[in-house]
Amino acid sequence: MTASADPELDTGAGAKAGGDTRRSISENHGRCMKPPAPPSPSGNLPTTLAYELPEIIHRAGSNAVFAAQEFFAGMIRNPHTRRAYMKAVTDFLEWAQKHGGGELVQIAPWHVGQYFEEMAASTSIATRNARLSALRHFFDNLVNRHAIVLNPARTVRGEKLNVMEGRTPEIPIAEVRKLLASIDTSHIVGLRDRAILAALVYTTSRRGAVAKLRVGDYYYAGVQWMLHFGEKGGKSREIPVRHDLQETIDAYIDSAGLRSAPKDTPLFQRAMKKRRRLSGKALNGDDIYRMMKRRLKDFGMPLLYSPHSFRVTTITDLLEQNVPREDVQHLAGHADARTTGLYDRRKHKVKRNIVERISV
């Protein structure tokens, strides 16, 4: 598992009210480019990050401020990871100030250990390990910038987590077919939603990757149509488009008038409220999540399903058909075959067959 944004690591404000006269990160960067003058101890991160450094970092001096700004605004490029790390670091520093680590240099490994012991009752092992990883990376950068001497989180051990199967529920194949067929495609919003859900099913792509698709990402490769996805971690995938998915996407594109649109035009766009017209602005992953929940509610299906459930359904279905795991792994874009195994729900069906044979 990676220390990326965890569902439980919500964005925290971490902001301090008051009339600070802190300068922007660009001013600090410009200043530190002129040796030997050190970076200014004052300064906020860019306003687009919606984040303000905790006061304990400012009290630690210019090196600490520079290291924190560099870490959040320069070293972390994924916005979801950035929000998760900001939340993890801010929560810990606020806790430390109240429990003996009033200054940055006073924070010790036992503070970190005690913090995670207190978190055990309210968080999962995966969440605690993700937050510990965030602290390790953050304090590593403070050490590298000579703001502190030792990383207090470096020697704190994470908890062992053995995950045999993922928790995302699988949608039965029959229910997926009914869901796609239930969508009213007499208008552009219905055509769009059907195309999005079909893309999730037939490409095993994540909702964020589907949301990022542009018109130019759907193209004819001489033999068949293809979809180009930009996945998390900077990965790029080319997925062949099967014939029914092609028909679904073509119907949406023609109805939306996107056939001759510039290649950088968002493929799946937001609708203008109840006017059933596209706005030209791209959907994001959260929009797709909410859209699917609405469709599930309309169809009377369990709301515990999510866009990721399609990924589980498709991977399990292919493995049931004895498609080689390495081929399924390649389709899903997994670097490790063990990750593909987490999506395999065939073991559930074996268990159900066994329990039905109990004679009681």
Side-chain angles (χ1 to χ4, degrees), residues 48 50 78-80 171 175-221 224-232 235-301 303 305-311 313-314 333:
T48 55
N78 186 292
H80 302 293
I171 306 179
E175 295 297 290
V176 174
R177 291 170 178 163
K178 291 178 182 178
L179 179 61
L180 292 175
S182 72
I183 298 175
D184 178 8
T185 56
S186 63
H187 52 82
I188 187 60
V189 175
L191 289 168
R192 180 202 66 184
D193 292 356
R194 185 182 65 172
I196 290 173
L197 297 181
L200 290 168
V201 172
Y202 295 126
T203 68
T204 72
S205 294
R206 300 172 178 85
R207 56 181 167 135
V210 172
K212 292 177 182 178
L213 286 172
R214 295 296 185 262
V215 170
D217 292 326
Y218 176 62
Y219 63 93
Y220 188 62
Q224 60 187 354
W225 285 84
M226 305 286 289
L227 278 171
H228 171 266
F229 292 96
E231 294 278 1
K232 67 178 185 179
K235 296 178 182 178
S236 178
R237 293 198 303 149
E238 307 286 341
I239 305 296
V241 177
R242 51 183 277 162
H243 69 281
D244 43 2
L245 176 58
Q246 178 189 335
E247 293 172 358
T248 299
I249 295 177
D250 284 343
Y252 161 69
I253 287 179
D254 291 336
S255 179
L258 296 174
R259 185 66 66 180
S260 59
K263 291 185 177 181
D264 60 349
T265 303
L267 180 59
F268 297 121
Q269 304 176 6
R270 293 179 178 177
M272 298 172 65
K273 295 184 177 180
K274 296 183 180 181
R275 297 172 62 182
R276 291 181 174 175
R277 292 175 52 192
L278 300 181
S279 66
K281 297 180 179 179
L283 289 169
N284 59 38
D286 291 338
D287 293 328
I288 292 178
Y289 179 88
R290 288 189 290 267
M291 177 273 288
M292 180 174 175
K293 292 296 184 179
R294 289 194 300 270
R295 294 296 181 182
L296 290 172
K297 184 177 180 180
D298 292 343
F299 188 52
M301 291 179 64
L303 296 182
Y305 296 136
S306 71
H308 215 67
S309 296
F310 291 128
R311 192 168 165 86
T313 299
T314 302

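Sequence positions, counted from 1, serve as the residue numbers for this chain.
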Novice: Measure across Pro307 and Tyr289 and return the closest heavy-atom pair with its distance rounded to 0.1 Å.
Specialist: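 So the two residues come closest at CD-CD1, 3.7 Å.
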
Novice: Sub-3.5 Å donor-acceptor pair from the side chain of Ser255 to the main-chain atoms of Ala251, do we have one?
Specialist: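 No.
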
Novice: Could you pull out the closest heavy-atom pair between Gly190 and Ile183, with the gap in Å?
Specialist: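 Closest approach of Gly190 to Ile183: O-CG2, 3.4 Å.
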
Novice: Using a 3.5 Å distance criterion without hydrogens, assess whether the side chain of Ser309 forms a donor-acceptor pair with backbone atoms of Ile171.
Specialist: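 Answer holds: no.
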
Novice: Quick check: closest heavy atoms across Arg192 and Gln269, and the distance to 0.1 Å?
Specialist: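 Closest pair (atom of Arg192, atom of Gln269, distance): NH1-O, 2.8 Å.
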
Novice: Could you tell me whether a side-chain N or O of Arg259 sits under 3.5 Å from a main-chain N or O of Ile253, the two making a donor and an acceptor?
Specialist: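 Not at all, since once roles are kept as given, no pair shorter than 3.5 Å links the two residues.
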
Novice: Atom CG in Leu213, atom OG1 in Thr265: separation rounded to 0.5 Å?
Specialist: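 Nearest 0.5 Å value for the CG-OG1 distance: 13.0 Å.
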
Novice: Assess whether side-chain contact (heavy atoms from CB on, under 4.5 Å) is satisfied between Phe299 and Glu175, documenting all intermediate values.
Specialist: CA-CA 10 Å; Phe299 188 52; Glu175 295 297 290; 4.3 Å; yes

Novice: Are Ile188 and Leu278 packed together at the side-chain level, in the sense that at least one heavy-atom pair is separated by less than 4.5 angstrom?
Specialist: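 They are in side-chain contact.
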
Novice: Could you tell me if the side chain of Thr248 sits less than 4.5 Å from the side chain of Leu180, heavy atoms only?
Specialist: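 Contact flag for Leu180/Thr248 side chains = no.
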
Novice: Just to verify, what does Asp287 make a salt bridge (charged side-chain N to carboxylate O under 4.0 Å, His left out) with, not counting sequence neighbours?
Specialist: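 In terms of salt bridge (charged side-chain N to carboxylate O under 4.0 Å, His left out), with neighbours along the sequence ignored, Asp287 is linked to Arg270, Arg290.
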
Novice: Measure the spacing between CG of Asp193 and CZ of Arg295 and express it to the nearest 0.5 Å.
Specialist: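 Result: 4.0 Å between the selected atoms.
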
Novice: As an exercise, state the distance from CD of Gln246 to CH2 of Trp225, rounded to the nearest 0.5 Å.
Specialist: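 Answer rounded to 0.5 Å: 7.0 Å.
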
Novice: Testing the basics here: between Pro266 and Gly280, what is the closest heavy-atom pair and its distance to 0.1 Å?
Specialist: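 Closest approach of Pro266 to Gly280: CG-O, 3.7 Å.
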
Novice: Side-chain contact, heavy-atom cut-off 4.5 Å: Arg214 with Lys263?
Specialist: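 No; the side chains remain at least 4.5 Å from each other.
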
Novice: Take Leu303 and Lys297 through the side-chain contact (heavy atoms from CB on, under 4.5 Å) test and state the conclusion after the steps.
Specialist: CA-CA 7 Å; Leu303 296 182; Lys297 184 177 180 180; 4.1 Å; yes

Novice: Excluding sequence neighbours, so at least two apart, what forms salt bridge (charged side-chain N to carboxylate O under 4.0 Å, His left out) with Arg177?
Specialist: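 Salt bridge (charged side-chain N to carboxylate O under 4.0 Å, His left out) check on Arg177 returns nothing, list empty.
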
Novice: Hey, does Leu200 have a side-chain heavy atom less than 4.5 Å from the side chain of His308?
Specialist: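 No, their side chains stay 4.5 Å or more apart.
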
Novice: Please check this pair: side chain of Lys281 against backbone of Ala271, looking for a donor-acceptor N/O pair closer than 3.5 Å.
Specialist: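 A pair under 3.5 Å: no.
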
Novice: Could you measure the distance from the CG atom of Leu267 to the CG atom of Leu283? Nearest 0.5 Å is fine.
Specialist: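 Separation between the atoms: 9.5 Å.
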
Novice: Are Ile196 and Tyr252 close enough, and set up right, to give a side-chain contact (heavy atoms from CB on, under 4.5 Å), and what steps lead you there?
Specialist: CA-CA 10 Å; Ile196 290 173; Tyr252 161 69; over 6 Å; no

Novice: Are the side chains of Tyr202 and Thr314 in contact, using a 4.5 Å heavy-atom criterion?
Specialist: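 No, too far: nothing below the 4.5 Å cut-off.
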
Novice: Which value, rounded to the nearest 0.5 Å, describes the distance between Ile288 atom CD1 and Arg206 atom CZ?
Specialist: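 That separation rounds to 13.5 Å.
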
Novice: Calculate, to the nearest 0.5 Å, the distance between atoms CG and CG belonging to Asp250 and Leu258 respectively.
Specialist: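 It is 11.5 Å, given to the nearest 0.5 Å.
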
Novice: Should Arg207 and Asn284 count as side-chain neighbours, where that means a heavy-atom distance under 4.5 Å?
Specialist: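 No, too far: nothing below the 4.5 Å cut-off.
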
Novice: Do you know the tightest heavy-atom contact between Ala221 and Met226?
Specialist: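 Residues Ala221 and Met226, closest heavy atoms: CB-CG, 3.6 Å.
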
Novice: Closest approach of Leu179 and Phe310, non-hydrogen atoms and distance?
Specialist: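 Of all heavy-atom pairs spanning Leu179 and Phe310, the closest is CD2-CZ, 3.9 Å.
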
